[in-house]
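Written below as structure tokens is the structure these notes are about.
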Amino acid sequence: MRLLIVLVSFITFIQVQSQSFTSGLMPDITLSYKTSEDYKIIHRVESRFPSYNTDAESFKVMFERFDFQNFVERKIGLFSKVSLGYQFRINNAEANEHRFIQQFVWTDNFANYRIGHRFRTDQTYGKSNAPEFRFRYRAKIQLPLQGQNLDDREFYLSFSDEVVSAVQSSEWDLENRVVAKLGFYINDKNKLESGLDWRIDGFLLNGIENQVWFAFSWFKAL
Amino acid sequence: MNRFIFLFMLSVCVSNAQIKNEFERKIGKEEIPESTRFKLENGFTENVKIKWFYQEDGDKKVYEAKFKYNANVYSVEFDLNGKISNVEILTSKNNIPSDVFNVIDNEIHKEFSEYRILKIQKEFIGASEDLFDVIHSSTFSSNLAIDYEIEVNVKQNKRRHLYELIFDEKGNLTSKRKINLKSTDILDY
């Protein structure tokens, strides 16, 4: 009950502060498999179902978009990898989009937690909008809840912050994404996560836009 | 044919033995025998916060107490009956005698082309009283056996791996196990 009150207060606060507010559901599934000792293929499907926004001022679950992502990942160190990816986005209201993604990740391991760092650049092309180029950095901390190391059948908390800098038609914008999730590490091949994904953009443009997504994730490895 | 099957089974057993797959779970102090907790806590001269864990490593099942005391970081292992079995103290390369470290360095280079040390623990094995003396009064009986447990990031056949290597007091390699890395897809995507 207390958690619900905090959640409602938090969303109300964001809604009052921002000029535009959207909330909804954001499920995703990530499937990965090794093709060799160093290479891995990753497929990811993510979708968004906005259910409330300040313009419509009504609750209605709608389909907004589907993202199909495919990555080729190469291990370059014990805790570091590079990936090249392509995303096809099916939009409900606009033309479909193509996105090319490049990323470099590494993990810092500490006695009680891990931090994953991710540098990502992407380029998006579609008929409805001018090409968009983004530069992103995300730090994600993972805290096991039942011991020092993350083991099978163990719950964990994860918090991440990502700064996204974007340029489109010579206009720059800045976005920040804060994600808090509760995860369950079933085993190395199955993990579940659920939590809140809070995004603020429009820092450098006219009007701050807030989005809060209830996210559900399943990570499956073959 | 039987000889072939025997050799195959042996090779499977050996390769399994070389992988470190540890499992640990935080537990409450009430799960530890009271007499064990008393022996450990009674010797401290200050308040020490102890974290207790249940740990499985292959067939080995133990309780482990982790704490900081007198500027040292300790991991103390007890069997499931509460009897102390070893004491590990986090240390660094500089605290290993240079002649011993030279032997260790040679031993690692025999196995791997490159290596980087991530963690070193000095392990004491011996009688209960001697082990408690190590913790409570930093007294090291000559009867104690000493090991160095070293976690290394190594290069082997152009690839990076994580290994746990154990060396005896003179620096001779006594155990080599590859550590299974936890999946990072949840941190990467």
Side-chain angles (χ1 to χ4, degrees), chain A residues 28 30-32 37-38 40 42 44 46 69 71 73 75-81 83 85 103-109 111-112 114-118 120 138-142 144-154 156 158 160 181 183 185 187-193 217 219-221, chain B residues 19-28 31 49-57 61-68 73-75 88-90 112-121 151-164 178-189:
Chain A
D28 65 82
T30 305
L31 175 74
S32 62
E37 188 72 24
D38 294 325
K40 213 178 190 184
I42 294 101
R44 182 179 165 87
E46 183 183 293
Q69 294 184 340
F71 291 91
E73 177 186 279
K75 196 174 174 181
I76 54 169
L78 189 57
F79 302 113
S80 55
K81 297 161 198 162
S83 306
Q103 76 173 33
F104 167 60
V105 295
W106 83 93
T107 309
D108 282 331
N109 295 282
N112 298 312
R114 303 192 289 177
I115 297 180
H117 303 271
R118 185 176 81 183
R120 188 181 263 198
R138 184 181 81 177
K140 185 172 180 179
I141 185 169
Q142 190 182 54
L145 291 177
Q146 292 148 290
Q148 289 192 308
N149 302 312
L150 197 56
D151 294 309
D152 291 357
R153 299 179 302 283
E154 182 164 357
Y156 62 91
S158 75
S160 71
K181 283 179 174 176
Y185 198 97
N187 52 42
D188 279 338
K189 296 192 180 297
N190 283 289
K191 302 114 201 168
L192 298 172
E193 284 188 351
S217 309
F219 292 86
K220 171 74 186 163
Chain B
I19 301 281
K20 183 178 181 181
N21 250 331
E22 212 173 64
F23 164 87
E24 55 105 44
R25 184 75 84 233
K26 195 172 182 183
I27 54 170
E31 292 188 44
K49 192 183 171 194
I50 304 171
K51 287 180 183 170
W52 289 97
F53 298 90
Y54 166 77
Q55 201 177 72
E56 284 181 16
D57 184 0
K61 293 171 184 171
V62 295
Y63 293 127
E64 196 167 52
K66 295 189 180 190
F67 54 89
K68 284 182 189 169
V73 178
Y74 290 91
S75 295
E88 290 173 343
I89 303 174
L90 194 66
F112 309 107
S113 55
E114 277 178 38
Y115 79 92
R116 190 159 61 89
I117 292 174
L118 302 179
K119 183 178 162 189
I120 305 178
Q121 283 181 303
E151 217 173 89
V152 279
N153 171 350
V154 301
K155 199 168 187 179
Q156 190 180 36
N157 303 324
K158 295 183 181 173
R159 290 201 176 91
R160 289 276 170 189
H161 302 281
L162 189 64
Y163 270 88
E164 179 202 77
K178 194 173 168 185
I179 299 175
N180 250 354
L181 290 173
K182 283 286 162 190
S183 135
T184 60
D185 49 1
I186 32 183
L187 296 171
D188 302 338
Y189 294 94

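So that the names make sense, note that chain A is the first sequence line, chain B the second, and so on, each numbered from 1.
Side-chain atoms of B/Y189 and A/S83 form a donor-acceptor pair, as typed in the model, at a separation below 3.5 Å.
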Inset, instruction - Check step by step if salt bridge (Lys or Arg N to Asp or Glu O under 4.0 Å) holds for A/E193 and A/K191. - result: CA-CA 7 Å; A/E193 284 188 351; A/K191 302 114 201 168; over 6 Å; no
Inset, instruction - Go through the steps for B/R25 and A/E154 under the test salt bridge (Lys or Arg N to Asp or Glu O under 4.0 Å), then give the verdict. - result: CA-CA 9 Å; B/R25 184 75 84 233; A/E154 182 164 357; 3.3 Å; yes
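With sequence neighbours excluded, the residues forming a ring-ring contact (aromatic ring centres under 6.0 Å, His included) with B/F112 are B/Y163, listed by chain and number. Annotation: ring-ring contact (aromatic ring centres under 6.0 Å, His included) contacts of B/Y63 (sequence neighbours excluded): none.
With a 4.5 angstrom heavy-atom cutoff, A/D152 touches chain B via backbone and side-chain atoms both. Interface residue A/K81: only side-chain heavy atoms are found under 4.5 Å from chain B. Residue contact with chain B, scored on non-hydrogen atoms closer than 4.5 Å, involves the side chain of A/Y156 exclusively. The contact between B/K66 and chain A is made entirely by side chain atoms (from C-beta outward), counting heavy-atom distances below 4.5 Å. If you measure heavy-atom distances from B/F53 to chain A, the contacts under 4.5 Å come from the side chain alone. Proximity to chain B (any heavy atom under 4.5 Å) is shown, for A/I76, by neither the backbone nor the side chain. In this structure, the portions of A/Q148 lying under 4.5 Å from any heavy atom of chain B include both its backbone and its side chain.
In terms of heavy-atom pairs under 4.5 Å with chain B, the best-connected choice from A/T30, A/T107, A/I42 is A/I42. Per-residue heavy-atom pair counts under 4.5 Å with chain B were compared for A/N109, A/D38, A/L150, A/I141, and the maximum is reached by A/D38. With chain A as the partner, the residue from B/R160, B/K26, B/K182 showing the most heavy-atom pairs under 4.5 Å is B/K182. For the set B/I27, B/L118, B/L181, the count of heavy-atom pairs under 4.5 angstrom toward chain A peaks at B/L181. Put simply, of B/T184, B/V154, B/D185, the one with the most heavy-atom pairs under 4.5 Å next to chain A is B/D185.
Between B/I186 and A/Y185 there is a side-chain heavy-atom pair separated by less than 4.5 Å.
Each of A/R118, A/R138, A/R114 was compared with B/L187 under the side-chain contact (heavy atoms from CB on, under 4.5 Å) criterion, and only A/R114 meets it.
When the shell of 6.0 Å around CZ of B/R159 is examined, it contains more than 12 heavy atoms from other residues, nucleotides or ligands.
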